[in-house]
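These figures come from a predicted structure and were not determined experimentally. For ligands, and for the atoms within them, numbers begin at 1 and follow the listed sequence. FYI, side chains are in, hydrogens and waters are out, and symmetry mates aren't considered; it's all heavy atoms of this structure.
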Amino acid sequence: MLSKKLDNITPSYTIEISTKVNELKNQGIDIVNLSIGEPDFFTPVPAKDRAIEAIYENKTKYDAASGLKELRKAIQYKLMKENNINYELDEIVVSSGAKHSITNTLMALIDPGDEVILPKPFWVSYSEMIKMVGGTPIYIETCKENDFKLTSEELKNAISNKTKLLLINNPSNPTGAIYSEKELLPIVNTCLDNDIYILSDEIYERIRYTDSFKSISSLSEDAKRITVTINGLSKSAAMTGWRLGYSASSKEIAKAISTIQGHLVSHPSTISQWAAYGALTLCQDEMKEMVNVYENRRDRAVSLLSKVDNISFINPQGAFYVFIDISALKDKFDYSDSYSVEFCKRFLEEYRVAIVPGIAFGIDDYVRIVYCADINEVEEGIKRLDKFIQSL
Ligand code: PMP
Ligand code: GLU
């Protein structure tokens, strides 16, 4: 009865786990929730004020499919000032969350049968989004020793005459790794040599604890020509529920994205767009403060985790996740399908801590914890992880 498109699509692990946690909490069960990548901060007041003003000033009508001009100007300024990239206004499209910007981009670029290269580990929704638009995800194994960052050699080995796009996430969810300019250049050159577009998801760009981040489009005019940059306000301004993301690309791609969006949703809620305008123009200090807090939590989480026996992890340079290698404990578990799912299931049932199995990101020997939760929760979760591992 249902469309064949859904045959190979699985529900989002991250959303499912966090829904389950909320159900358990509603039953009065106390759970330490280190599963979902959602800031524990609230949206800064100036952003909320702009939304309230928009409501009372009746700025609640239909507007341009690509988004409010004022907001696109604020994004244009941000990209110029912070990332050193000059985009025209008609190269920027605002959508209902980065998820929506990514899906629009895939719809604009991918025909059935086209291959999209996806380095492992990948954020949980990419593979399903690619499949939903009829594309074929081509997974690449990357090396732990290189913090799971893709190299141009690995990329070259995966390219075929059907390759259309490389999807890269920088800083990475789930590892927190950040590519340096030196690491990005050979990857970009390989894409240029092979006529491959790049979708660069930079949603965690502001949440970084090193100066080495470079937006791919800023590397050269050629890099900019083939790259669609994705960003948004969910993480940087704690605006997950407002659903506000954006893409910056060539005019041709932006026009296609805007046409698709115009038919499917018209544009994101104007009220959310005014809130995003407020966040970008008035909330720099609040956003910086959040990053300082994340950095302190990162240091604490890393320090606690390094004392836990039988695990290792990628040292996060950005975002708010730690990707933990649990392969040394594998023989302690009975499981039929997925080791990491069994590990997370037992950890939740026995120690009341919710984390995400690595299989959600394509690597079953790992689990992911977040530190965008209160520091006491993060500490308690890691303490219980230590106890769980010792009990095995
Ligand atoms: N990209 C990555 C890597 C993410 O982790 C997320 C998680 N929310 C998104 C995109 C989607 O963000 P949004 O809330 O803006 O849709
Ligand atoms: N991106 C976040 C995560 O990985 C939020 C949940 C989601 O959108 O998948 O946990």
Cation over ring, R346 on F388, under 6.0 Å and within 45°?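 Geometry flag: not set, cation outside 6.0 Å or 45°.
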Y87 ring centre to K224 NZ or CZ under 6.0 Å, with the angle to the axis within 45°?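 Checked: cation-pi criterion met.
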With a 4.5 Å heavy-atom cut-off, do R243 and S269 have their side chains touching? no
Numbering as shown, the atoms of ligand 1 that approach [X] to under 4.0 Å (heavy-atom distance):
| X | result |
| --- | --- |
| I203 | 1 (N), 2 (C), 3 (C), 15 (O) |
| D201 | 1 (N), 2 (C), 3 (C), 10 (C) |
| N169 | 3 (C) |
| Y126 | 3 (C) |
| S234 | 13 (P), 14 (O), 15 (O) |
| R243 | 13 (P), 14 (O), 16 (O) |
| G97 | 15 (O), 16 (O) |

Does atom [atom1] of [X] have more than 12 heavy-atom neighbours from other groups under 6.0 Å away?
| X | atom1 | result |
| --- | --- | --- |
| F42 | CZ | no |
| K25 | NZ | yes |
| N292 | CG | yes |

Closer than 4.0 Å to some heavy atom of [X] - which atoms of ligand 2 meet that?
| X | result |
| --- | --- |
| T14 | 3 (C), 4 (O), 6 (C), 7 (C), 9 (O), 10 (O) |
| W123 | 1 (N), 4 (O), 7 (C), 8 (O), 9 (O) |
| R368 | 3 (C), 4 (O), 10 (O) |

May I ask you to identify the nearest protein heavy atom to atom 6 (C) of ligand 1, giving residue, atom name and distance to one decimal place in Å?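 Minimum-distance protein heavy atom for atom 6 (C) of ligand 1 reads W123 CZ2, 3.4 Å.
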Between E153 and N157, is a side chain to side chain donor-acceptor pair (under 3.5 Å) present by the stated rule, with each step listed? CA-CA 6 Å; E153 285 316 308; N157 289 337; 5.7 Å; no
When you look for heavy atoms under 4.0 Å from ligand 2, do you find them on the side chain of F320, its backbone, both, or neither?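 None of F320 does.
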Measure N173 to ligand 2 on non-hydrogen atoms and call it side chain, backbone, both or neither using the 4.0 Å cut-off.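 Under 4.0 Å from ligand 2, N173 contributes side-chain atoms alone.
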Check contact between T240 and ligand 1, using heavy atoms of the residue and a distance below 4.0 angstrom. no
Heavy-atom nearest neighbour of atom 5 (C) of ligand 2 within options E16, K99, E38, K235: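 Among E16, K99, E38, K235, the closest heavy atom to atom 5 (C) of ligand 2 comes from K235.
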Between K235, K99, H100, flag the one that comes closest to atom 7 (C) of ligand 1 by a heavy atom. K235
Presence of salt bridge, E115 and K164, under 4.0 angstrom: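 Salt bridge absent between K164 and E115.
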Looking only at heavy atoms of Y13, does any of them come nearer than 4.0 Å to an atom of ligand 2? no
Look at the aromatic rings of F148 and Y366 and report parallel, tilted or perpendicular, splitting at 30° and 60°. perpendicular
Consider only side-chain N and O atoms of K144 and S312, and report whether a donor and an acceptor are under 3.5 Å apart.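 Yes, a side-chain donor-acceptor pair sits under 3.5 Å.
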In K214, K78, K235, the residue satisfying salt bridge (charged side-chain N to carboxylate O under 4.0 Å, His left out) with E205 is K78
Any N or O of I36 closer than 3.5 Å to N or O of ligand 2: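 There is no such contact.
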Please confirm whether the backbone N or O of P316 pairs with a side-chain atom of R298, one donor and one acceptor, at under 3.5 Å? yes
State whether the shortest distance between N or O atoms of A98 and N or O atoms of ligand 1 falls below 3.5 angstrom. yes
